[in-house]
Amino acid sequence: MNRFQARLIQFMMGRRGFDQFSRDLMIFALFLILLDFFVSGSMLNTLALLLMFYSYYRALSRNIVKRQAENNWYFSFIGNNLRGYLNRDYKHYRYFKCPNCKQTLRAPKGRGKIRVTCSRCHGIFEKKV
């Protein structure tokens with residue numbers, strides 16, 4: 001191990017490094033920089049630089065408890081909103097919400113008009129799939 005690697009390891013002791021939230025912030029910032037090439041006169045470049053700065057601040061912070069809480073918040077936000085939509089199988093299933101309790105339900109496509117019973121409120125309604 002050379003001298004630079006030893007100093008880098010010593011510098012990173014007690015720091016978290018890049019977690020999923022920091023990586024996603026960095027990717028979003030790079031996306032904004034690319035978008036700024038096509039949109040003239042916008043503040044996207046400034047916003048991207050602020051996001052990059054915050055991402056590096058998170059990665060180099062020694063307050064691990066606070067950064068872990070932020071990362072947990074991010075995972076709960078993504079898990080409840082975005083990842084649920086990305087992981088759905090839209091090719092084989094039709095997704096819809098119960099009119100009573102708003103629970104997301106699914107049914108196989110191509111069955112025509114079916115009678116659906118909600119798993120949460122046990123309400124019965126008809127849906128075309």
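Quantities reported herein were computed from a predicted structural model and do not represent experimental measurements.
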How many angstroms lie between [atom1] in [X] and [atom2] in [Y], if you round to the nearest 0.5 Å?
{"X": "N72", "Y": "E70", "atom1": "CG", "atom2": "CD", "value": "10.0 Å"}
{"X": "L35", "Y": "N45", "atom1": "CG", "atom2": "CG", "value": "11.0 Å"}
{"X": "L60", "Y": "F11", "atom1": "CG", "atom2": "CZ", "value": "5.0 Å"}
{"X": "S61", "Y": "Y54", "atom1": "OG", "atom2": "OH", "value": "9.0 Å"}
{"X": "K113", "Y": "R115", "atom1": "NZ", "atom2": "CZ", "value": "10.0 Å"}
{"X": "L32", "Y": "I27", "atom1": "CG", "atom2": "CD1", "value": "12.5 Å"}

Taking atom [atom1] of [X] as the centre, report whether more than 12 heavy atoms of other residues, nucleotides or ligands fall under 6.0 Å from it.
{"X": "K66", "atom1": "NZ", "result": "no"}
{"X": "Q10", "atom1": "CD", "result": "no"}
{"X": "R23", "atom1": "CZ", "result": "yes"}

Exercise: identify the closest heavy-atom pair between [X] and [Y]:
{"X": "T104", "Y": "K97", "answer": "OG1-NZ, 3.2 Å"}
{"X": "C98", "Y": "C101", "answer": "SG-N, 3.7 Å"}
{"X": "A59", "Y": "R15", "answer": "O-CB, 4.1 Å"}
{"X": "G123", "Y": "N100", "answer": "CA-ND2, 3.9 Å"}

Is there a path of hydrophobic side-chain contacts, each under 4.5 Å between heavy atoms of I/L/V/M/F/W/Y residues, joining [Y] to [X]?
{"X": "I114", "Y": "F125", "answer": "yes"}
{"X": "F53", "Y": "Y74", "answer": "no"}
{"X": "L44", "Y": "L34", "answer": "no"}
{"X": "I33", "Y": "Y56", "answer": "yes"}

Do S55 side-chain atoms and S22 backbone N/O form a donor-acceptor pair below 3.5 Å? yes

Does G14 offer a backbone N or O that forms a donor-acceptor pair with the side chain of R62 under 3.5 Å?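 A pair under 3.5 Å: no.
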
Think R106 forms a cation-pi with Y93, using NZ or CZ under 6.0 Å from the six-ring centre and within 45 degrees of its axis?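 Here R106 passes the 6.0 Å and 45° test against Y93.
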
Can you check whether [X] reaches [Y] side chain to side chain, under 4.5 Å on heavy atoms?
{"X": "M52", "Y": "M26", "result": "yes"}
{"X": "Q68", "Y": "R16", "result": "yes"}
{"X": "F96", "Y": "V116", "result": "yes"}
{"X": "N71", "Y": "F75", "result": "yes"}
{"X": "T46", "Y": "M43", "result": "yes"}
{"X": "L25", "Y": "R58", "result": "yes"}
{"X": "Y95", "Y": "V129", "result": "no"}
{"X": "R67", "Y": "Y57", "result": "yes"}

Would K127 and R94 satisfy side-chain contact (heavy atoms from CB on, under 4.5 Å), going step by step from the backbone distance to the final call? CA-CA 10 Å; K127 194 74 176 173; R94 168 102 159 81; 4.0 Å; yes

